[in-house]
Amino acid sequence: MGAAISGILAATLLAGCGNGNDSDNSSEEPATAWDEIQEQGVLTVATSGTLFPTSYREEGTDELTGFEVEVVREIAERLELDVEFTELGFDEMLTSVQTGQVDMAANDIEITEDRQEHFMFSTPFKYSYGTAIVRSDDLSGIETLEDLEGKKAAGASTSVYMETAREYGAEEVVYDNATNETYLRDVAVGRTDVILNDYYLQTLAIANFPELDITIHPNLKYSPSEVGVVMNEDNEELAENVNRVIGEMLEDGTISEISGEFFNGADVTEEVEIEE
């Protein structure tokens, strides 16, 4: 009987010790997304690879470059991380960020109230406004934004520019990660009528294809915009670190220097004002 009682007491004590260890283990903080990024040493970034001069491949090379590609590379370097780009269509980028397949997206993505409800944006580092590419001979029959009604507007379905096109009654024509040349030629030959997009991107896109009968509409200027990189709304530590180095890059002129390289000397970090 004494031996049996001793055995029961020993088992009870061991069980007590085991419960204590389980409690200690359960109190450990789970690894955060930022912890995992640091452990792997890689920042994964979605971008299109087709949006000149933000994210594209130089003709004759397989090297991905562009304004935001180089900004992200500098961010990663200052965070002591490698960077791995995944090329996706615009809508896929946002889905990949939201589901955690990538850490961020960088592709001239405008900061809007609606997107801020679902994503976390970095400190803005590009300021611009909306313009319209139309045919040179007749401005595609467009004088004001109200004339977009019934016109064929090309672009990404979830972009803020397509939202503007829909708001004014345009028929949207959506491409699956097409190149700038495809968009521009379709306007020139009349398959579509207009491309609403960022001023700097539109100016450089047209300059790259001078043979096409297209122009930036002289009178349409709308929707001042701010652009930053996009992150999952739960990745607060990542955002804090990204914003820290973006602040450094804005202060020391690094982003202005990168801007000049890709926007013909223009500094897109300067805020713009337009009369709407």
Taking only residues two or more places apart in sequence, or in another chain, which ones meet [X] in a side-chain contact (heavy atoms from CB on, under 4.5 Å)?
X    : value
T254 : E74, R78, M249, D252, I258
T123 : N243, I246, L250
D137 : R135, D213
E270 : D267

Would E236 and M120 satisfy side chain to side chain contact (heavy atoms under 4.5 Å, CB included), going step by step from the backbone distance to the final call?
-> CA-CA 8 Å; E236 293 183 6; M120 194 174 301; 3.8 Å; yes

Worksheet item: Would one find more than 12 heavy atoms of other residues, nucleotides or ligands at under 6.0 Å from atom CZ of R191?
Response: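 No, because the 6.0 Å sphere around CZ of R191 holds 12 heavy atoms or fewer from other groups.
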
Practice item. Would you list the pairs meeting salt bridge (charged side-chain N to carboxylate O under 4.0 Å, His left out) in which at least one residue belongs to residues 48-70, sequence neighbours left out? Key: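 Applying salt bridge (charged side-chain N to carboxylate O under 4.0 Å, His left out) to every pair that reaches into residues 48-70, excluding sequence neighbours, yields R57-D62, R57-E87, E63-R73, E70-R73.
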
Contact between S259 and F67 at the side-chain level, heavy atoms closer than 4.5 Å - yes or no?
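Counting from C-beta outward, S259 and F67 do come under 4.5 Å.
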
Do F121 and R115 have side chains that approach each other closer than 4.5 Å (heavy atoms only, starting at C-beta)?
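Counting from C-beta outward, F121 and R115 do come under 4.5 Å.
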
>> With a 6.0 Å cut-off on the ring centroids, do Y222 and Y129 count as close?
In response: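 No, too far apart.
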
Residue list, side-chain hydrogen bond (donor to acceptor under 3.5 Å, both in side chains) with [X], at least two apart or on another chain:
X    : value
T182 : T179
T99  : Q101
T192 : none
R185 : E181, E211

Hey, could you give me the [atom1]/[atom2] distance between [X] and [Y], rounded to the nearest 0.5 Å?
X    : Y    : atom1 : atom2 : result
Q38  : L238 : CD    : CG    : 10.0 Å
L148 : S140 : CG    : OG    : 10.0 Å
T54  : N180 : OG1   : CG    : 9.0 Å
L43  : E80  : CG    : CD    : 13.5 Å
L81  : I75  : CG    : CD1   : 11.0 Å
F263 : S256 : CZ    : OG    : 12.0 Å

Show, in sequence, the C-alpha distance, side-chain angles and deciding distance for V227 and I111, and conclude whether the side chain to side chain contact (heavy atoms under 4.5 Å, CB included) test is met. CA-CA 6 Å; V227 165; I111 302 169; 5.9 Å; no

- prompt: Salt bridge or not for R166 and E172, using N-O below 4.0 Å?
  reply: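 So R166 pairs with E172 through a salt bridge.
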
#### Entry: Pairing of D186 and K152 as salt bridge, 4.0 angstrom limit
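The answer is no: the pair does not qualify as a salt bridge.
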
* **ILVMFWY cluster membership beyond I206 - transitive side-chain contacts under 4.5 angstrom** =>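 Answer for I206: I133, V173, Y175, Y183, L184, V187, I195, F209, L212, I214, I216.
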
Mind checking whether [X] and [Y] sit in one hydrophobic cluster, side chains of I, L, V, M, F, W, Y counted as touching below 4.5 Å?
X    : Y    : answer
V268 : V71  : yes
F85  : V229 : yes
V83  : L88  : no

D103: partners by salt bridge (Lys or Arg N to Asp or Glu O under 4.0 Å), with sequence neighbours left out
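Once residues adjacent in sequence are excluded, D103 has no partner under the salt bridge (Lys or Arg N to Asp or Glu O under 4.0 Å) criterion.
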
### Query
Looking just at side-chain N and O atoms, do E84 and T44 make a donor-acceptor pair shorter than 3.5 Å?
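No, no side-chain donor-acceptor contact under 3.5 Å.
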
Q. Going by distance alone, is a donor N or O of one side chain under 3.5 Å from an acceptor N or O of the other, for T215 and S136?
A.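 No.
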
Can you list every pair that meets ring pair (Phe, Tyr, Trp, His ring centres under 6.0 Å) and has a residue in residues 30-54, with sequence neighbours left out?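 For residues 30-54: F52-Y56.
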
